[in-house]
Amino acid sequence: MKIIESVSQASVYVADMRASGKKIGFVPTLGGLHKGHQLLMQRAREENDAIIISIFLNPMQFRKPQFLKYPSDFEQDMRVAEEINVDMIFHPPVAEMFQHVAHIDNFFKFQTAEAAHRQDEHFVIEQQDENGIDNLVRVPSNLVYQLDGKIHPWTFDGAATIVYKLFNILQPESAYFGEKDIQQLAILTKMAETYFPAIKVIGVPTLRDADNLAFSSRNVLLSDEQRRTALSVYHALKHGEHLIRTGESDAAIVLNAIKAIIAAQPLIKIDYIDIVDKRLLKYAKKISDDMILYAAFFLNGIRLTDTLIVEL
Ligand code: PAF
């Protein structure tokens with residue numbers, strides 16, 4: 001397994017792979033590899049000749065305290081990658097990916113600055129913002145101001161920017177992302193369609209534990225009772241799915257039924273629950289297309305989410 005830190009070496013590596021006719025699958029990560037990443041890597045392994053993962057803790061996506069606290073352990077990540085036969089880990093330092101950013105704090109200033117160039121329906125690439133961030137991808141308002149993006153739209157500009165840079169460098173055939181981060185997946189799918197039509201963005205279904213709780217590294221913080229309580233959210237979403245599949249097309253009725261089940265759990269504080277169209281992430285009063293049922297909630301101060309995709 002090769003470890004490459006520089007953009008120029010990564011480009012040479014990829015060019016060699018292509019010259020030998022190898023199909024490259026790519027799994028971008030922030031590090032802290034867990035079972036969810038393993039699933040993405042396994043899928044990439046099955047469908048490609050070579051797999052590259054990137055481990056890059058992208059400061060654009062975090063507030064400073066969370067960035068500093070992120071559990072990074074490169075040695076451990078290497079062991080996980082090795083088990084899955086990853087061919088190359090791209091592990092660049094921040095200065096390699098953002099050559100014009102003079103200080104790490106500039107990334108956190110970008111989050112509070114007005115996204116002046118954002119458009120309603122089209123991606124915009126800012127050549128360089130006032131903080132020195134080059135090739136800054138502004139996600140269109142119609143995709144970003146939905147679900148979690150209503151709370152922190154800049155996270156998605158950050159993810160789109162780094163994936164845009166990584167796609168340019170690594171030019172894979174396919175890239176793998178979890179359906180658990182469904183808004184990110186919808187945004188990156190659209191971004192790839194716009195700028196990288198040759199790259200296939202593949203959504204991998206949410207990994208669930210044996211009891212069906214969506215896998216999250218935060219689940220270890222839950223007691224057995226809290227875990228059972230968290231599962232009631234999954235059951236509420238499943239009930240919503242059942243209503244849709246048995247003919248209910250009024251989104252408000254489905255949404256209220258889901259909310260009622262979750263609201264009956266006193267330990268859960270609902271952040272929000274939403275039903276949106278899978279492609280456009282829009283709330284539609286009438287359900288007629290593939291839908292996403294999404295719940296974000298707090299349990300004992302821990303924020304958890306669950307997502308069900310209902311393909312019609
Ligand atoms: O989902 C993630 O881990 C990150 O948002 C990604 C796609 C690696 C970009 O930094």
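The structure displayed is predicted, hence computed values, not measured ones. First listed ligand is number 1; within each ligand, the first listed atom is number 1. Along the sequence shown, residues carry numbers from 1. All values below come from the heavy atoms of this structure, side chains included, with hydrogens, waters and symmetry mates left out.
Neither the backbone nor the side chain of L188 comes within contact range of ligand 1; no heavy atom lies under 4.0 Å.
When ring centroids are compared, H91 and F74 come within the 6.0 Å threshold. For Y13 and F90, the gap between ring centers reaches or exceeds 6.0 Å.
For the residues M60, Q61, Q184, the heavy atom positioned nearest atom 7 (C) of ligand 1 is part of Q184.
At least one test fails for K200 against the ring of Y176: distance under 6.0 Å to the centre or angle within 45° of the axis.
Close approach of ligand 1 to P28 is summarised as follows: ligand atoms under 4.0 Å from at least one heavy atom of the residue are 8 (C). For ligand 1, the atoms closer than 4.0 angstrom to any heavy atom of I162 are 9 (C), 10 (O).
Using bins of under 30°, 30° to 60° and over 60° for the plane-to-plane angle, the ring pair F62/F67 lands in the tilted bin.
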